[in-house]
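Everything below concerns the one structure shown next.
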Amino acid sequence: MTGVYQQQFAVYARLYADTSNGFHVAKDQAAIDGLLGELGRQVATVEGQLSVAPNGLTAKAIAQLALDQMSIAQAQFGSLQVLVQKAAENDRLTVVNGPALDFQNNKSLAAKQQAADGTLLQNLAALLAKLDLAIAALQTATASGGGGTKRPLDDNPWFDESRRDRFLSQQATRFYALLQQFEQLNDNEREGTGQLEIFLDGVEAGSVEAAHRQGSQGLAVADALKPAIFALLADPAALPFRLDPFDETTWYEVTLANEPPGTPVTQYQDINDASGVPRYITGFAPVGGQLQAFLSQFISLAGAKSISDEDLKALLDAWTPNPGVVVGVYDVGQGNANAVCDGTGRPRYYYDLGGGCLANTGTYPFTPLANPNPFCRFFTQPVVLSHWDWDHWASAHRNRYAQYQQHHWIVPNQNLGAVHLQFAQDVQNNGTLTVWNPAGGTTVVTNVGTIQRCTGAGRNQSGIAWLADDTANPGPGPTLLPGDARYNFIPANGGGALAAMVCTHHGGWLPTNQAIPAPMGAGPAWANTRIAYSYGAGNTFGHPRNPTVTRHQNFGWINANRVDTAARGGVARGHINLRTPVGGGGIGVIAHAQIPNLCNPQTCDCQAAKS
Ligand SMILES: [Zn+2]
Ligand SMILES: [Zn+2]
């Protein structure tokens, strides 16, 4: 039985297929079509929720379930907009770089394709708005009171209501911002030669000035700051800053307007804000020397508790690995969350608790109502944070009711923006925040392997890596957990001896001159080594990159031994169990998508187990 919204969706999809002239690069079109299919299924899911017979559920509860599903649809729509924008930019390159003879013809084909894209987005936006209204009608059917004006973020169950006042900066025009990171949007081998997606980690200037008047700094003022994140697509040649060397430490003053002219950006109110609002940059310049020094101290981990090498060792030695210790690689969409788990599969130490955010929020697999506790918290597992990039701690920010912030977090000292500082403050308020800040290259050997400070510069390359193993009773080889660090910046990366590894940076772009730590040598063990890729299907970064995967294959991480958190080659998405660092046990047992004991809520009610 097909509902009216599903039918309408099918009509729009057919219209799009009929009016598209195939001008998009095949890969772009495939990505758009793939996401369109997903969105269609999600519309059906929302409609299914809306038509649920009350059957013990109040209309309000049904509306909440539908809202829950709706947030996924909205996130998918946000990603679709990004994909279409990227495809249009590639079309422009096709026109400009194509043969001169074809210029006029290509130009008109590109314009027609763009019109088809525009109609599709318009139709889908209208359809989603209608679904929204249907949900709202169901809500008001049972609502006892009137209520005020509904803001768009009210529809996003991931969004933290208690923080709303922090994010009312959409109308603000003046921000201080750091360059957060950039991603090349094609497979060019040279860094900074393709079109780039660039993030600015901003904070409303007035809120900094107000916080400063409180007479304190760092974690003590985090609550008073109003962060915002800006994403822009750019041609590197047109940028007002250098990419090589990339500088994450310079603060810029950025001015914005709600209307053109200006450089188009998407302003996100929070990392869990899936769609953002369009705005325009009208001014961009580094702040003066004094303000530079002030901001880098004011928005920093200054004053946070630190942890010594000895205390870090004691913390991780508190548990002695039992036989069957494994490494879990959780499916969190476009992000990273790993754990060293005991023989029953329960995580004892987390390494990152990240997940899909911003335009990739839709890749996150859990919904707040169905999965209030997506990760095990049966123990008060310490969390080692690889580095401060959003996609490596987003789960603990998002699932605020599950209170993953109550754990003991060991974090690297890195350059931070206001968004990070507020999360650090949450951890400090709800749990324990300690900063591990030894010199690059420092290693600490624990019961569960070697914790190490990476030796590079910039957030990805200067964090914490983990070479996991049962140290007293080692298995056939260790498992490398690199976070996003390039392997040559990891002092003990296990090269030549690894039983398994998580591919660095979700399989993102890697320079050609980088050696990749190889698996243990050929022989019976060879077939049982594993490489895990942690990413969300259809992510806006194009992870994992083909050249990166190929290079790993060339270093011995062959395709047959590859396993992804996302769906691939007929295998569904899901958690990965790298059963490799087993003391004396066998290796190579990979359960995918159906791990019984990784304590996800389908299989383990952690709260019940705790009581
Ligand atoms: Zn990163
Ligand atoms: Zn990452």
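For reference, positions follow the sequence shown, starting with 1. Only this structure's heavy atoms are used, side chains among them; waters, hydrogens and symmetry mates stay out. One-based numbering, in listed order, for ligands and for the atoms of each.
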> Closer than 2.8 Å to the Zn ion (ligand 1), do we get an N, O or S atom from H392, backbone or side chain?
Replying inline: no
> Are any N, O or S atoms from N460 nearer to the Zn ion (ligand 1) than 2.8 Å?
Replying inline: yes
Of all heavy-atom pairs between [X] and [Y], which one has the smallest distance, and what is that distance?
{"X": "R573", "Y": "P365", "result": "NH2-CB, 3.5 Å"}
{"X": "S462", "Y": "R453", "result": "O-NE, 2.9 Å"}
{"X": "G328", "Y": "C341", "result": "N-SG, 4.0 Å"}

> With a cut-off of under 6.0 Å to the ring centre and 45° to the axis, is R562 in cation-pi contact with Y533?
Replying inline: yes
> Is the Zn ion (ligand 2) less than 2.8 Å from at least one N/O/S atom of H506?
Replying inline: yes
>> Using 30° and 60° as the class boundaries, would you call the ring planes of H397 and F423 parallel, tilted or perpendicular?
In response: perpendicular
> Where the Zn ion (ligand 2) is the corner point, what angle links OD2 of D484 with OD2 of D391, to 10°?
Replying inline: 150°
> Nearest to the Zn ion (ligand 1), which N, O or S atom of D389 do we find?
Replying inline: OD2
